[in-house]
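Take a look at the structure below.
Numbers here simply count residues along the sequence, with the first being 1. Order of appearance sets the numbers: ligands from 1, and atoms from 1 within every ligand. Because only heavy atoms are used, hydrogens play no part in the values below, and waters and symmetry mates are left out as well, while side chains stay in.
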Amino acid sequence: MAANVMEIYGSKVFNEHVMKERLPSATYKSLKNTLHKGAPLDIEVANVVASVMKRWAMELGATHYTHWFQPLTGITSEKHDGFVSPVGDGTAIMEFSGKELVRGEPDASSFPSGGLRATCEARGYTAWDPTSYAFVKDDVLCIPTAFVSYTGEALDKKTPLLRSMNALSNQAIRILKLFGKDVDYVSTTVGPEQEYFLIKKEDYEARQDLILTGRTLFGAPSAKGQELEEHYFGVIRPEVSEFMKELDEELWKLGIPAKTKHNEVAPCQHELAPIFDTTNVAIDHNLLTMEMMKKIAPKYGLVCLQHEKPFEGVNGSGKHNNWSMSTTHENLLDPGDTPMENLQFLVFLAAVIKAVDEYADLLRTSVATPGNDHRLGANEAPPAIISIFVGEELEAVIDAIASDSPYAGPVKMKMDLGVDVLPKFSKDTTDRNRTSPFAFTGNKFEFRMPGSAENLSDANTILNTAVAKELKGYADELEGAEDFTSAVIALVKRTIRDHRRVIFNGNGYTAEWEEEAAKRGLPNKKNTPAALPALIEPKNIALMEEFGVLTKVEMESRYEVEMEHYSKIINIEALTMLEMARKQLLPAVNSYMSELANTAASKLAVSENISVRSETKTLTKLSADADAMSDAVDTLQDAVDASKALPTEAEKAVAFHDNVLPAMDALRAAADDAETICGEDYWPLPSYSKMLYYV
Ligand SMILES: NC(=O)CC[C@H](N)C(=O)O
């Protein structure tokens, strides 16, 4: 029976409703000040909150608590501590203090830190992020926290994100003030669309590549791919539908506003999209969503694959980041209805355009992962070139502004840009452009580059900080302006003229665009090792330092961590391929060849006149594949060994990309060809058609 949604929604969350109901009113008031105005939390208040929170969590069955955080692995971490505390007479009480709520000291020395730990103290601590509500999961009270070193360096994904949100808020408040609006805080919001695959558990378990790397490293294409386009929005098959129902319910209990679900383009591919939320909360929720998907799928005989490219030849999975900025009652990327609202919108729009153009290289680093390299630029997701889609109408508006010419919009209104009549345009004519990395969709931007497995913190940290930088420049300029309106128009005009190159409404998948983008001077870093050096570009370090989001040392450490991560992933993939080729695939090919040879020999033993043409043909092809596989195994092993021996993380990553990946491709090509020839009973891996269509 379907759950009573209103009853279960948020039932496992220590949200404002629970706080209001259970906390003494003075405590609730000071906690609200912390939540909404960033005021520091008093330890007395924390003690009261902790005690109430513990009681509430115990009522839901919790016996432990954990500081739930996001180290540089990007995934979440938790270490469970019991509330239980023996009192010395053989009995125990359940304890949880304010100190334990606001601060934890995980022995976190084994997380990646990119050399930060060598220079700083070895241990870090976790600090409560009260703006993301605590929740109960698996009988554990989970407290969302940031993770920092004792000397203050960020060791996680959340700390810089929170800093960037404040940076943007501070500058956006200044701009709004100039428009006569007095606001306390401007939040950035995100609605992350999560794509994923569901395949049968038995198929997953039969493939070492899926188990160890999350993607298929071998596999000849299925006779049927996604060309009939019948999966997208198609009828959801029963076990997947049951999975989705349970997932929704579990997410709703955690206060996660899961809203839409549907089949995606590739066979076995699906998507879940929640309603947008404040960025840090939306990201916490997205990580929980990913965890729940993985946990719930096996109950239905399924496994959830969140890799960006589990199957070659069909679409991969993204995590589109629908981003905006808003006050408690106004979305700043909504064009509005009046000329003055239009003008305010244009200022924020201009800031985003300038930010994306000036920091495209940095933004590109946020989506640079070995998995996402398979997706970007593969004509199924945006290219590696960052450009902005604004839609025809908005483009006409900004072109009119930039060229001082009249704007003839759908309402056929003339405008005189010099004075007080401003362009009037509606927001609903924007169409969608799936090929664009950064698309305006009426009242928000959809950053389509992030991959399905990513933690969206990096992307949003960079986006927020870059936009904060441009808003700061604007505020500095406008605060001193004599005539505000004409100063704003001049500023918008200048921005559009200087950054027009980043706007592109056409098809981002074409070769022409790649050429055109090169002419425009837009960066096009096609793979992770090529993209990551932007993290240590002086202009990008300067940006992060200016807003106190990340220091030079923190940026350098992140660069090291990401480069090392890249090599580690490709290394695991290469070793997995070697093992599968040596232990599974070559023996399979040899068995089948032996069967064929025996058949031919037996036939010839009966009579030399019997044809063995078929056996001979097949044997010849298969033998060539086996030789190619065997040679490719040697080449791949050498490439791995040579890459590992290089002295720096950067050199290793480049070598893994330049030398190991092509060797992997060669091994796969030979093996996939053998798969198409080898007898089905001999091939040890479930085929693409079995995994994607026999469902
Ligand atoms: N329908 C879609 O939006 C497909 C998106 C595509 N799967 C991606 O990786 O981004």
Side-chain angles (χ1 to χ4, degrees), residues 190-199 214-216 225-236 240 244 259-274 276 286 289-290 293 304-323 363-364 366-389 391 430-442 444-456 458-460 463 504-510 513 526-528 531 688 691-692:
V190 162
E193 298 168 16
Q194 180 69 48
E195 292 183 332
Y196 60 97
F197 280 81
L198 287 174
I199 61 161
R215 73 176 180 110
T216 51
Q226 63 186 39
E227 61 273 53
L228 297 182
E229 293 167 339
E230 84 276 51
H231 196 254
Y232 190 54
F233 287 4
V235 176
I236 299 170
V240 170
M244 286 176 167
K259 181 80 172 166
T260 52
K261 47 188 180 182
H262 61 85
N263 283 357
E264 254 303 333
V265 176
C268 293
Q269 192 185 29
H270 312 279
E271 177 180 307
L272 180 141
F276 69 92
N286 174 251
T289 302
M290 292 168 76
M293 285 175 168
C304 177
L305 304 177
Q306 294 171 353
H307 191 283
E308 281 82 3
K309 194 76 178 175
F311 302 99
E312 203 146 288
V314 295
N315 271 15
S317 299
K319 176 150 46 201
H320 306 161
N321 186 77
N322 291 284
W323 178 90
L363 207 48
R364 171 72 182 88
S366 74
V367 295
T369 65
N372 214 21
D373 280 1
H374 298 287
R375 209 182 130 249
L376 299 181
N379 286 2
E380 58 177 282
I385 310 158
I386 298 190
S387 63
I388 302 178
F389 167 86
T430 48
D431 37 296
R432 308 210 358 131
N433 182 336
R434 291 187 183 289
T435 71
S436 175
F438 203 85
F440 186 67
T441 52
K444 60 183 163 53
F445 276 100
E446 183 180 10
F447 185 31
R448 294 176 62 90
M449 290 175 103
S452 51
E454 280 172 41
N455 179 319
L456 288 175
D458 291 349
N460 288 290
L463 193 53
F504 176 64
N505 280 343
N507 182 353
Y509 290 173
T510 61
W513 167 235
K526 295 194 174 192
N527 60 71
T528 298
Y688 266 36
M691 286 187 284
L692 297 172

Using distance alone, with no hydrogens and no angle criterion, decide if Glu264 and Asn315 have a side-chain donor and acceptor under 3.5 Å apart. no

Side chains of Asn433 and Asn505: is there a donor and an acceptor less than 3.5 Å apart?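 Distance-only check fails for Asn433 and Asn505.
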
Any idea which atoms of ligand 1 are less than 4.0 Å away from a heavy-atom of [X]?
{"X": "Gly318", "answer": "8 (C), 9 (O)"}
{"X": "Glu264", "answer": "1 (N), 2 (C), 4 (C)"}
{"X": "Ser317", "answer": "9 (O)"}
{"X": "Glu380", "answer": "6 (C), 8 (C)"}
{"X": "His320", "answer": "3 (O), 5 (C), 8 (C), 10 (O)"}
{"X": "Arg434", "answer": "1 (N), 2 (C), 3 (O)"}

Nearest non-hydrogen protein atom to atom 9 (O) of ligand 1, with distance, is Arg375 NE, 2.7 Å

Among protein heavy atoms, which lies nearest atom 7 (N) of ligand 1, and at what distance?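 Ranked first by proximity to atom 7 (N) of ligand 1 is Glu195 OE1, 2.7 Å.
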
Please report whether the ring centroid of His231 lies less than 6.0 Å from that of His270. yes

So, the side chain of Lys526 versus the backbone of Ala531: is there a donor-acceptor pair under 3.5 Å, distance only? no

Side-chain heavy-atom pair Phe445, Ile388 within 4.5 angstrom cut-off: yes

Considering both backbone and side-chain atoms of Ala381, is one of its nitrogen or oxygen atoms within less than 3.5 Å of a nitrogen or oxygen in ligand 1?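 It does not: no N or O of Ala381 is found under 3.5 Å from an N or O of ligand 1.
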
Taking the inter-plane angle between the rings of His307 and His374 on a 0 to 90° scale, is it parallel (under 30°), tilted (30 to 60°) or perpendicular (over 60°)? tilted

Please name the residue in the list Glu271, Gln194, Met244 that meets the side chain to side chain contact (heavy atoms under 4.5 Å, CB included) test with Lys261. Met244

